[in-house]
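Residue numbering restarts at 1 for every chain, and letters A, B, ... go by the order of the sequence lines. Note: hydrogens, waters and symmetry copies are ignored here, and every other heavy atom, side chains too, is used.
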2 protein chains.
Amino acid sequence: MDWSIQDVARLSGATSRTLRHYGDLGLLPPSRIGSNGYRFYDEVSLVRLQRILMLRALGLGLPAIGDVLAQQRGEGEALQHHLDWLRQEQQRLARQIRSVENTIDTLNGEEQLMAENMFDGFDHTQYREEVEQRWGADAYRRSDDWWRSMSPAEKAAWKQSQQALGADWQAAAARGVDPAGDEAQGLAKRQFEWLRGIPGTHGGEGAGPTREYFVGLAEMYVADERFAANYGGVAGAEFVRDAMVIFAEQDL
Amino acid sequence: MDWSIQDVARLSGATSRTLRHYGDLGLLPPSRIGSNGYRFYDEVSLVRLQRILMLRALGLGLPAIGDVLAQQRGEGEALQHHLDWLRQEQQRLARQIRSVENTIDTLNGEEQLMAENMFDGFDHTQYREEVEQRWGADAYRRSDDWWRSMSPAEKAAWKQSQQALGADWQAAAARGVDPAGDEAQGLAKRQFEWLRGIPGTHGGEGAGPTREYFVGLAEMYVADERFAANYGGVAGAEFVRDAMVIFAEQDL
DNA sequence: ATAGAACTTGACGCTGCGTCAAGGTCAAGA
DNA sequence: TCTTGACCTTGACGCAGCGTCAAGTTCTAT
């Protein structure tokens with residue numbers, strides 16, 4: 001009892017081309033091949049095809065389906081793995097949607113994004129050239145994309161956490177604490193974690209900034225008075241830099 | 001003042017291969033080509049590249065980006081269109097995630113999906129063969145996927161709406177109303193709308209069932225006592241069928 | 001016998017480049 | 001001058017999953 005390729009196509013809803021494709025991949029070999037080269041399928045093939053189509057409908061790739069059918073991987077395991085990937089995709093889409101929405105809003109003039117603060121509480125476009133020169137346009141663009149993808153509330157929260165950190169730095173500097181001491185090193189660690197949240201800081205996928213980047217940034221805080229002002233002037237920035245450099249040497 | 005392809009690559013974060021690709025597509029032609037064939041880019045090219053990369057980061061396709069840059073389509077319009085598509089994708093992903101989750105749950109035996117009711121409140125797997133014979137396995141599988149993708153709450157709501165409709169049919173049949181009258185035709189319309197919600201009912205993307213399918217289903221209600229029971233026996237099912245056939249002839 | 005339906009094996013197309021392959025160009029050093 | 005090495009070129013395959021011709025063979029019905 002077997003069926004031709006068209007019969008199977010009609011029964012299953014797949015096209016004959018798809019069936020031949022699966023045959024080529026070894027996913028669904030015909031149960032029999034006539035002397036004329038025609039493909040024929042039996043009940044076992046049909047059941048197998050049902051599973052293939054179901055797994056495909058769930059979004060699994062053909063190689064993954066092959067693994068499952070070959071018992072090389074448990075179905076539950078494969079689906080769980082697939083589910084993780086689906087969730088990541090959804091998050092990515094959600095971020096992109098927010099990013100596009102914000103860009104549209106900006107185009108509509110509803111929000112003057114360029115007047116917002118980002119790097120250390122300044123208009124981050126002020127630093128566009130510096131950032132590009134030092135770390136490449138790619139780094140700048142990644143940060144920019146990241147910033148655009150946030151909601152106003154998220155932006156506000158971010159700025160606040162940044163300002164709190166700056167205030168703590170200033171207070172510590174004013175009390176003259178030891179840059180190598182626990183308190184200053186704790187602040188340096190906070191600074192590191194804060195930077196970790198920004199993409200494009202040369203550490204690749206949440207790894208946080210590299211040692212080089214971190215030290216370079218510390219020097220920039222001193223060299224540039226606009227940054228320095230955020231830490232209570234040059235003296236404060238020097239304190240911040242010293243603590244950051246020590247932290248980088250010890251922990252990065 | 002121009003830059004070599006590698007210079008631009010470093011500045012922009014794109015690879016030289018990508019730049020050549022954009023050149024081939026006409027998205028970003030070099031501002032100058034040396035006698036040796038080398039590509040060179042000027043400031044204008046760089047600005048253009050920035051826009052390309054930004055739009056790409058937002059997920060636009062290269063042809064769409066080309067349209068925007070060529071002023072053939074407004075940026076806001078293109079982004080809005082893109083946003084719609086992104087949202088659809090997200091919904092699709094959400095459905096697929098639910099579907100995979102439910103399948104995993106089923107595999108884990110936490111839910112005996114096969115014991116659930118679907119078609120007209122019956123275990124829909126009871127009807128698998130009928131459905132496949134009449135409308136093909138594809139139709140069955142699409143309905144099945146759809147049903148699997150729903151949460152328990154959604155399933156409950158669906159079943160309730162279905163049962164309410166069945167009860168109204170029974171009541172109307174019991175009162176002996178005219179199958180061609182407004183009341184029965186209103187019920188037939190509800191039946192149509194209800195079916196529209198189920199994929200795989202031969203209408204293609206929310207178009208609702210075809211006339212043929214609708215009439216065939218009406219006959220099935222009478223022919224099969226399991227369906228008939230849902231409308232108060234054969235007599236009730238005949239009333240339903242008559243009303244549905246009239247509706248199909250007049251409105252489909 | 002002959003038309004028409006069904007079947008076969010190729011092979012290109014689509015998206016956005018990554019990744020060799022094979023070879024020319026150019027500035028700097030021995 | 002010759003060589004090395006960095007940088008440049010065009011060309012073409014690869015990936016995912018088939019859709020879609022194209023050209024030829026076979027089956028089925030008249």
Side-chain angles (χ1 to χ4, degrees), chain A residues 2-41 45 49 51-69 78 82 85-86 89 92-93 96 138, chain B residues 2-41 45 49 51-69 78 82 85-86 89 92-93 96 138:
Chain A
D2 50 12
W3 297 273
S4 76
I5 196 168
Q6 289 292 356
D7 292 339
V8 176
R10 272 188 296 267
L11 280 171
S12 68
T15 70
S16 65
R17 177 67 178 86
T18 298
L19 295 175
R20 296 201 291 112
H21 188 53
Y22 292 169
D24 291 346
L25 297 184
L27 261 187
L28 184 72
S31 59
R32 182 171 73 81
I33 295 190
S35 57
N36 50 14
Y38 283 24
R39 294 168 172 79
F40 294 96
Y41 301 84
S45 306
L49 178 56
R51 288 199 69 195
I52 293 175
L53 293 177
M54 181 191 147
L55 291 173
R56 189 190 62 170
L58 294 178
L60 264 79
L62 299 189
I65 292 177
D67 289 349
V68 170
L69 291 182
H82 180 55
W85 137 266
L86 281 176
E89 274 298 291
R92 203 177 55 77
L93 266 184
Q96 207 165 59
D138 196 36
Chain B
D2 50 11
W3 296 274
S4 76
I5 196 170
Q6 286 293 356
D7 292 339
V8 176
R10 271 190 296 267
L11 282 171
S12 69
T15 71
S16 65
R17 177 66 178 86
T18 298
L19 295 175
R20 295 201 292 114
H21 188 53
Y22 292 168
D24 291 345
L25 297 185
L27 262 188
L28 184 73
S31 60
R32 181 171 73 81
I33 295 190
S35 57
N36 49 16
Y38 284 23
R39 293 168 172 80
F40 294 95
Y41 302 84
S45 305
L49 178 56
R51 287 198 70 195
I52 293 175
L53 293 177
M54 182 190 144
L55 291 173
R56 188 189 64 170
L58 294 178
L60 265 78
L62 298 190
I65 293 177
D67 289 349
V68 170
L69 291 182
H82 180 55
W85 138 265
L86 281 176
E89 273 299 290
R92 204 178 54 77
L93 265 185
Q96 207 164 57
D138 195 36

task: Round to a whole Å and report the spacing from CZ of R10(A) to P of dA5(C).
output: 13 Å
- prompt: Do the side-chain N or O atoms of T18(B) get closer than 4.0 angstrom to the phosphate oxygens (OP1, OP2) of dG18(C)?
  reply: yes
task: Map N36(A) and L25(B) onto DNA chain C by nearest heavy atom, then report which one ends up closer to the 5' terminus.
output: N36(A)
- prompt: What does G61(A) touch in the nucleic acid at a heavy-atom separation under 4.0 angstrom: a base, only the sugar-phosphate, or nothing?
  reply: sugar-phosphate
- line: 5'-most contact on DNA chain C (nearest-nucleotide basis), L62(B) vs R20(B), goes to L62(B)
- request: Remember a base hit wins even if backbone is also touched, and classify S16(A) as base, sugar-phosphate or nothing at under 4.0 Å, heavy atoms.
  value: nothing
task: To the nearest Å, give me how far apart CG (L19(B)) and C1' (dT9(D)) are.
output: 14 Å
- request: Find the distance D24(B):CG to dT9(D):P and express it as a whole number of Å.
  value: 11 Å
- prompt: Could you state the CG-C1' distance from D7(A) to dA6(C), rounded to the nearest angstrom?
  reply: 10 Å
- prompt: Do R39(B) and V8(B) come within less than 4.5 Å of each other through their side chains, counting heavy atoms only?
  reply: no
message: At less than 4.0 Å, is any side-chain N or O atom of T15(B) found next to OP1 or OP2 of dG18(C)? Yes or no.
response: yes
message: In this structure, how many angstroms lie between the P atom of dT9(D) and the CZ atom of R17(B), rounded?
response: 12 Å
- prompt: Side chains of R56(A) and T18(A): does their closest heavy-atom pair fall under 4.5 Å?
  reply: yes
message: Is the shortest side-chain heavy-atom distance between L49(A) and Y41(A) below 4.5 Å?
response: no
field: Atom pair distance, as rounded to whole Å: CD in E89(B) and P in dT15(C)
entry: 15 Å
message: What is the separation between atom NE2 on H82(B) and atom P on dT15(C), rounded to the nearest whole Å?
response: 15 Å
message: How many whole angstroms separate atom NE2 of H21(A) from atom P of dA11(C)?
response: 16 Å
task: Could you pull out the closest heavy-atom pair between L28(A) and S45(A), with the gap in Å?
output: CD1-O, 3.5 Å
- request: Would you confirm whether H82(B), through its side chain, and A64(B), through its main-chain N or O, come within 3.5 Å as a donor-acceptor pair?
  value: no
message: With a 3.5 Å cut-off and heavy atoms only, can you find an N or O donor on one side and an acceptor on the other between the side chain of Y22(A) and the base of dG17(D)?
response: no
